[in-house]
2 protein chains.
Amino acid sequence: MSATVINYHGAMSRWPSNPRGRLQQAAMELFTEHGYDQTTVAGIAERAGLTERTFFRHFSDKREVLFFGGEQLEAMMVAALRSAPPEATPLGAIEAALSAVTEFFDERHPLSQARQVIIDAHPELQEREGAKMDRIAGALTEALRARGVPDPDARLTADAGIAVFRSAFAQWVRSDVGDMSACIEECLATLEKVIEQGR
Amino acid sequence: MSATVINYHGAMSRWPSNPRGRLQQAAMELFTEHGYDQTTVAGIAERAGLTERTFFRHFSDKREVLFFGGEQLEAMMVAALRSAPPEATPLGAIEAALSAVTEFFDERHPLSQARQVIIDAHPELQEREGAKMDRIAGALTEALRARGVPDPDARLTADAGIAVFRSAFAQWVRSDVGDMSACIEECLATLEKVIEQGR
DNA sequence: GCCATTGATGACAGTTGCTGACATCAATCA
DNA sequence: TGATTGATGTCAGCAACTGTCATCAATGGC
């Protein structure tokens, strides 16, 4: 049943070939060992048994190797939002989207922590992370519009939801227990509190 | 009284030398004429009568030439937040910060529109814009903490405020009238509505 | 079993963003 | 007048990224 094989490059891996995964693994290792700046794409490719050119066939740029998979997250959230009951409020639908990914994160707590250490040390990576969040916010906005939520309500609700997600994630990734849904709930309640407290 | 002078490079400008301004102007022109990708830093520098090396002495990278001045915006917002009355609520203080920059924008409506056309066409520029917003959100968070607002309240309020700002800006920059404070007020009211509407 | 096609990769050259190091020159000041 | 300072020019070089073509394993019709 084990899928360990020898491919035609002589490399051994859990799944046949899987060059993208090998590149991601190699990148994480090198970023952790020597830092992001000190790591070259050529170095990552070499450790993965591939060439620099192939790296750029799998990832649009050097940063992307750390963020690949964000589309999956986006898809999960959008799907959850779509399957929320039609009578749900915009904020309720957003809450459903956030809740849909807590399990995904709880299963990857150590990996997320290692990743965050790298990102926190490099502004260009934080920039990319923000861009990914913006992308998700845009997708959620679109999904809310599809539910009949007008503008600017849709965008503001989605952005507020992403703000909750970011605060919750920051809290979750720092903690050791790793209960993402509790963090979401707390941050969402906090947002409601500061808004209802008024200006 | 006019400050037009001939500097030692033979260049003429409204203010003596002002290399940074010349580079920004040249960049805006070239980005608009030929697009961001097709414009090289060497080309910008040449049009400004300077060298590529000097460009990078004034701007940390190619994108930054479009975003220089963001620190000024951040400073204005932080100052306004600081001078808000101590009894103001977190959201009220954030509203003061947003209101403090509406005039600044209203005075630069056409320039903002031209800039936005360029940014909208290039994901890497949108990424930088998001990073600038994140930076401001961080500064506002810190300023709220200094007022005694705890975490995660401070971060969430600041992020919500930036979300309002972004929606308001998008609306303002698309419009022809250019009344930023009205856009801020509308978006803030919308945010309050969608939150108070509940989950 | 053979061959054409397809998809992923390697090889290689080239452009551009960006940096370090040193030289130059005008302005300033002791 | 001469030393210093700050901004710029010059030049070499690295690394990110791209276009192009060759290679080769796998696939599928015959």
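Labels below follow one simple rule: chain letters A, B, ... track the order of the sequence lines, proteins then strands, and each chain is numbered from 1.
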Would you please classify the geometry between the B/F105 ring and the B/W172 ring as parallel, tilted or perpendicular, with 30° and 60° separating the classes? perpendicular

Return the 5'-most residue of the pair B/R63, B/R57 with respect to DNA chain C, ranking by each residue's nearest nucleotide. B/R63

About how many Å separate CD of B/E29 and OG1 of B/T39, when rounded to the nearest 0.5 Å? 11.0 Å

Give a yes/no answer on whether the side chain of A/H58 brings an N or O atom under 4.0 Å of OP1 or OP2 in C/dA8. no

Could you work out which one of C/dG17, C/dC12, C/dT9 sits closest to the side chain of A/T54? C/dT9

Quickly work out the B/F55 CZ to C/dG20 P distance and round it to whole Å. 17 Å

What is the distance, to the nearest angstrom, from the CD atom on B/E64 to the C1' atom on C/dC18? 14 Å

Let me spell it out: for each of A/K62 and B/R53, pick the nucleotide of DNA chain D with the closest heavy atom. Which residue's pick is nearer the 5' end? B/R53

Under-4.0 Å salt bridge between A/R155 and A/D159: yes

With a cut-off of 6.0 Å (strictly less than), are more than 12 heavy atoms of other residues, nucleotides or ligands near CZ of B/R82? no

Please give, in whole Å, the distance from C/dC18 C1' to B/E52 CD? 8 Å

Mind listing the residues from residues 30-42 of chain B sitting with a heavy atom below 4.0 Å of DNA chain D? Number order is fine. none

Would you call A/R135-A/E71 a salt bridge at under 4.0 Å N-O? no

Rounded distance (Å) that lies between atom C1' of D/dA7 and atom CZ of B/R20: 11 Å

Value in whole Å for how far the P atom of C/dG17 lies from CZ of B/R128: 14 Å

Interatomic distance, A/L23 CG vs C/dT9 C1' [rounded to whole Å]: 12 Å

Ranking A/T51 and B/F56 by the position along DNA chain C of their nearest nucleotide, the one closer to 5' is A/T51

Spacing between B/L50 atom CG and D/dG6 atom P, to the nearest angstrom: 19 Å

Using whole Å, what does the distance between atom C1' of nucleotide D/dA16 and atom CD of A/E124 come to? 11 Å

Is the closest basic N to carboxylate O distance between B/E185 and A/R199 below 4.0 Å? yes

In one Ile/Leu/Val/Met/Phe/Trp/Tyr side-chain cluster, 4.5 Å: B/F169, B/F104: yes

